[in-house]
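Quick notes on the structure that follows.
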Amino acid sequence: MISATGTLPLISFYLGLTLVLIGGLGVVFGPKTSTEPIVRIINLTVPSTGVALIFLSYNYTLAMLTFLSVNPILYIIMIRAIIRLEEMGGFTS
Amino acid sequence: MNEIIAIPIAATLAWLNFVIIDIWMGLPEAPGVRGAKAIGKSIEKRGGDLGGGYFSGNIVCSPDASAGTLLASCSYYGFGGPEGGLIAALFVYLGNRMCADPGYAGTTGALTITFIIWIASHFGITANYFIVGIVIAILTIQGLYHPLSSKLIGKMAGKMNRKVIK
Amino acid sequence: MVIEFVYAAAILMIVGALGGVLQTRPIDKFLMLAVLGDGLISIVATFGYLDVAMASSFMTFVGIIIMMIGLVRVLEIRKMRGELG
Amino acid sequence: MIEETIISCIVIYMVLRLFITQNRLERMPYLNVINFGVAAVITLKNPSPLGAIASMVYFILATVGANAIAFTISKVKEIEHGD
């Protein structure tokens, strides 16, 4: 088996591309995303992890750290919007 | 020492350390937090023992002597001396406080495994074999087949007079 | 023969992504997201950036906690309005 | 390097078993084994004091996360099934 230490950025880059593809398709066409809106937010975690992995493969450490730190703030705002919508009467579409 | 011989000895020492200290500190008696109770009831429903289920749930939900064993051996290997075990004991104590779980099982396990590694390193079993050993030991308790391992833990708890408090 | 940990981390991340997308109940997804975060942290630690590993472990933990608080709140509101069986 | 091979095999076996298991509470101990393996590999790959501290911080935070997941599972079951 070939050693992985030389090809580590390559593995990280293609893994990140795979995760972005799977996560993007999952956010749009995933099961139960239209009836239950919190499922769409949970699926959004997968492509954000893929983007962070692509940042890592180019050694952009500070960009990855900032991206990972901004994500929970985004989740707070979206979860707050969903709770507000649920209080007002729920989804109809 | 040859690593084929050193890894089973280290795994046996780590298994005995964390199981005996966890049972002695009373983990099979009662669930510490609410998730541990659910895990114990689930293992009992699948054909296991209730005391062993509480033991398994308490290991999952808070850092106990198994976490103390792993972190002390990691810290011994990283710092390169016995002073790493004391730092690991401090971290495990902080983790126990964060999980709102009373008890000093983690700190006791970290200190005893530091002493065991300090003795065993004179015979050639260094700390990296203990890191692999604790992973193998936790696999036999949590990973292979839950009813059998929980019955084993329940039998040992009955022998050490630490049964489930109704 | 040596199996490097990078392959195990790749399997960890692919299983976490597939399980996190394809499970239907929201409570089943959190465990798969924890597996995904574990794979990310192990790849970062294989690169050698240990400070980034510490910070990213904290960030995945905070994200999972926030989503769980939101899920419990939504279920309580639905139970209060009588929509849940 | 036999340590890394053993831990890799254990982690791969556990993650495949976690993927095919259907019961929700049965999967929590498997996640615990994966946390142990990752925390061991972080120190084995870079043996330095910072590596040990990173491993400790990761393991404590992962345990608190598993605690929160188990708590939420029991709470959701209580909300859905009454009692």
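Below, chains carry the letters A, B, ... as their sequence lines are ordered, and counting in each starts from 1.
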Distance in Å, B:N128 CG paired with B:I7 CD1, rounded so as to fall on 0.5 Å steps: 8.5 Å

Among D:L44, D:L61, D:I7, D:N46, who wins on heavy-atom pairs under 4.5 Å with chain B? D:L44

Salt bridge D:E3-D:K45, side-chain N to carboxylate O under 4.0 Å: no

Kindly say whether D:A52 contributes a backbone atom to a donor-acceptor pair with the side chain of D:T43 at under 3.5 angstrom? no

Could you verify whether a donor N or O on one side chain and an acceptor N or O on the other, from B:D64 and B:S66, lie under 3.5 Å apart? no

Counting only heavy atoms closer than 4.5 Å, note whether D:I2 contacts chain B via side chain, backbone, both or neither. side chain

Using the rule side-chain contact (heavy atoms from CB on, under 4.5 Å), only one of D:I73, D:T72, D:N67 pairs with D:I69; which is it? D:I73

Atom pair CZ (D:R17) and OG1 (D:T21), whose distance is rounded to the nearest 0.5 Å: 6.5 Å

Does any heavy atom of chain D fall under 4.5 Å from the side chain of B:S42, the backbone, both, or neither of them? side chain

Please look at D:N23 and chain B and tell me whether the side chain, the backbone, both or neither of the residue comes under 4.5 angstrom of a heavy atom of that chain. side chain

Honestly, the part of D:R24 sitting under 4.5 Å from a heavy atom of chain B is neither

In terms of heavy-atom pairs under 4.5 Å with chain D, the winner among B:I87, B:L94, B:I141, B:L71 is B:L71

Where do D:K75 and D:E80 land on the salt bridge (charged side-chain N to carboxylate O under 4.0 Å, His left out) test, with the steps shown first? CA-CA 9 Å; D:K75 183 141 188 169; D:E80 283 181 349; over 6 Å; no

Can you tell which part of B:A36 gets under 4.5 Å to a heavy atom of chain D, answering side chain, backbone, both or neither? neither

Most heavy-atom pairs under 4.5 Å with chain D, out of B:I134, B:I39, B:I138, belong to B:I138

Would you mind telling me which of B:S73, B:P63, B:G80 has the largest number of heavy-atom pairs within less than 4.5 Å of chain D? B:P63

Options D:A68, D:S74, D:A70, D:P49, ranked by heavy-atom pairs under 4.5 Å with chain B, top entry: D:P49

For the candidates B:V135, B:I131, B:L70, which exhibits the highest count of non-hydrogen atom pairs separated by less than 4.5 Å from chain D? B:L70

Measuring from B:I153:CD1 to B:Y54:OH, what's the distance to the nearest 0.5 Å? 16.0 Å

Under 4.5 Å from a heavy atom of chain B, the part of D:E4 involved: neither

Looking at chain D, which one of B:I59, B:V33, B:I43, B:V60 has the largest number of heavy-atom pairs inside 4.5 Å, strictly under? B:V60

Is it the side chain or the backbone of D:M14 that comes within 4.5 Å of chain B heavy atoms, both, or neither? side chain

Residue pair D:F59, D:F36: steps toward the ring pair (Phe, Tyr, Trp, His ring centres under 6.0 Å) verdict: CA-CA 8 Å; D:F59 189 78; D:F36 268 78; 5.1 Å; yes

